[in-house]
Number of protein chains: 2
Amino acid sequence: MTTVLICDDHRIVREGLRSFVQGVPGVERVETAASGEEVLARYPHERPDLVLMDVRMPGLGGLEATRRLVASHPDAKVIMLTAADDREQIAAAVTHGARGYLLKDVSHEELCAAVAHALDGADLVEPSLRRALLQREPSRSAPPAAALTERELQVLTGMSQGKSNGQIGRELYLSEDTVKTHARRLFRKLGVNDRAQAVALGFRRGLVT
Amino acid sequence: MTTVLICDDHRIVREGLRSFVQGVPGVERVETAASGEEVLARYPHERPDLVLMDVRMPGLGGLEATRRLVASHPDAKVIMLTAADDREQIAAAVTHGARGYLLKDVSHEELCAAVAHALDGADLVEPSLRRALLQREPSRSAPPAAALTERELQVLTGMSQGKSNGQIGRELYLSEDTVKTHARRLFRKLGVNDRAQAVALGFRRGLVT
DNA sequence: CACGACGTCACCCGGACGGGCGAACGGCGC
DNA sequence: GCGCCGTTCGCCCGTCCGGGTGACGTCGTG
């Protein structure tokens, strides 16, 4: 029983993907989830053979959801769906444990091929994106793109809503000093040095919405 | 011959929408376009009865495309598709000439109903969004969403790239004090009080990328 | 058990930021 | 000509922010 689990917060995208994936030979069941949290909750029971996950989602983003899923289920196969041909996002997707990534603009054939290959167990990359990746300078050995912790993500979310450290602290029942500690740490991880940069990067990577 | 034209840069979304819309009684032909430019080019020849347009698209955004389309074809019916339940975006959609707006998370039934009503000639709003709009305080009679000037947009862009006021000033050949003046003004216009909020709003409104 | 990662809190300090205010110039429209 | 707007620049001041450092507790892993 070959099952594919689709995760996206937009019903339209879920249905679009479903109609695409249902045509793939070998796929017998297609399930859908509307959030990263839902995937984490359902995966242990349903054990889909492949997860198609959108990067950009409210709450747990696709990246973080994938990281956690792969951490607890190392054999999980995740293909990340990215809206834009953004090297940052793709690199992030791979470092977070995704087996592959697809542009939301893929053709029916490309998606079929990708799903089929992934079900075969092969890691894969979308051809046009592979080219984009290969074009990049091989110099910088890639900062490991450290994953944010739960708290750090909460603080970043607060920042993206324009809240001050004090406000974030009150909402999370923390002291302002603690929020500042989390802020410092997430700045380090993201490689930025102020909240504006952090917010911008958060949006670009789909950590916040 | 009732025709609906779907416009979105992601094939998956286009196909998802197509599968939704094709089920609507009365719709005989469903066309798709991948950009706002394509819609403007094809509309005069194909004269679709309804256009479903995504707000977030590279190049000509959905808002600008709608504005131009309605300017040249005042009888054009456009339903805007928004990803997030964002009052700002919806208000913008309406002021740009859209007859209605839908969340990308609509159910099949909601979309069918919306399309059917729009084809009937009625202006419409998505129920869950209407509620969100009605919940807002009726006190503030809507700040006209003042447009940013060229300079202000440049400063905001710099902010979204994590630059300090001094850096922005050096790049634009301005004094830091001048940058701060533009910053203060764009904060006022956007209704925020620090750069992090401004960056977040910039991303949400698509002012920066 | 010891170690590391995470979370919580605290202190100090310098600098960047944000707000209020004033001022001057050029262009545009009436 | 007058007024409005956008742009440019300056000053003051309070404050929040960001960096450094230290500390303590709790987990889970090795």
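As the structure is a prediction and not an experimental result, all values here were calculated from the model. In the text below, chain A, chain B and the rest are named by the order of the sequence lines, each starting its count at 1.
- Rounding to whole angstrom units, CG of residue B:Asp194 and P of D:dC16 are separated by 12 Å.
- Here B:Cys7 contributes atom SG and B:Asp54 contributes atom CG; the two are 7.5 Å apart, rounded to the nearest 0.5 Å.
- The separation between A:Glu150 atom CD and C:dG7 atom C1' is 12 Å, rounded to whole Å.
- For B:Phe187, the ring pair (Phe, Tyr, Trp, His ring centres under 6.0 Å) criterion is met by no residue, not counting sequence neighbours.
- Legend: residues meeting side-chain hydrogen bond (donor to acceptor under 3.5 Å, both in side chains) with B:Arg151, ordered by chain and number and at least two apart, are B:Gln154.
- A heavy atom lying under 4.0 Å from DNA chain D marks the following residues of residues 155-168 of chain A, by number: A:Ser164, A:Asn165.
- When the side chain to side chain contact (heavy atoms under 4.5 Å, CB included) test is applied to B:Arg184, the partners found at least two apart in sequence or on another chain are B:Lys180, B:Thr181.
- By the side chain to side chain contact (heavy atoms under 4.5 Å, CB included) test, A:Glu28 pairs with A:Met1, A:Thr2, sequence neighbours left out.
- Note: CD (B:Gln154) to P (D:dG6) measures 14 Å, nearest angstrom.
- Summarising the geometry, the separation between CZ on B:Arg188 and P on C:dC17 is reported as 19 Å, rounded to the nearest angstrom.
- For the pair A:Thr149 and C:dG7, the criterion of a side-chain N or O lying under 4.0 Å from OP1 or OP2 is met.
- In this structure, B:Gln197 atom CD and D:dC17 atom P are separated by 11 Å, rounded to whole Å.
- Distance, A:Arg68 CZ to D:dG28 C1': 16 Å, rounded to whole Å.
- Whole-Å rounding puts the A:Asn193 CG to D:dG19 P distance at 6 Å.
- In this structure, A:Tyr43 and A:His73 have tilted ring planes: the angle between them lies in the 30° to 60° band.
- Straight-line distance from the CZ atom of A:Phe187 to the P atom of D:dG18: 4 Å, rounded to whole Å.
- A:Ser175 is linked by a side-chain hydrogen bond (donor to acceptor under 3.5 Å, both in side chains) to A:Thr178, counting only residues two or more places apart in sequence or in another chain.
- Applying the salt bridge (Lys or Arg N to Asp or Glu O under 4.0 Å) criterion to A:Glu31, with sequence neighbours excluded, gives A:Arg29, A:Arg42.
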Under 3.5 Å, N/O pairs linking protein and nucleotides 8-11 of chain C:
residue : atom : partner  : partner atom : Å
C:dT8   : OP1  : A:Arg151 : NE           : 3.2
C:dT8   : OP1  : A:Arg151 : NH2          : 2.8
C:dT8   : OP2  : A:Arg151 : NE           : 2.7
C:dT8   : OP2  : A:His182 : NE2          : 3.1
C:dC9   : OP2  : A:Ser175 : N            : 2.8
C:dC9   : OP2  : A:Thr178 : OG1          : 3.0
C:dC9   : O5'  : A:Thr178 : OG1          : 3.3
C:dC9   : N4   : A:Thr181 : OG1          : 3.0
C:dA10  : N6   : A:Arg184 : NH2          : 3.4

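- Take B:Asn193 and apply the side-chain hydrogen bond (donor to acceptor under 3.5 Å, both in side chains) test, not counting sequence neighbours, and it matches B:Gln197.
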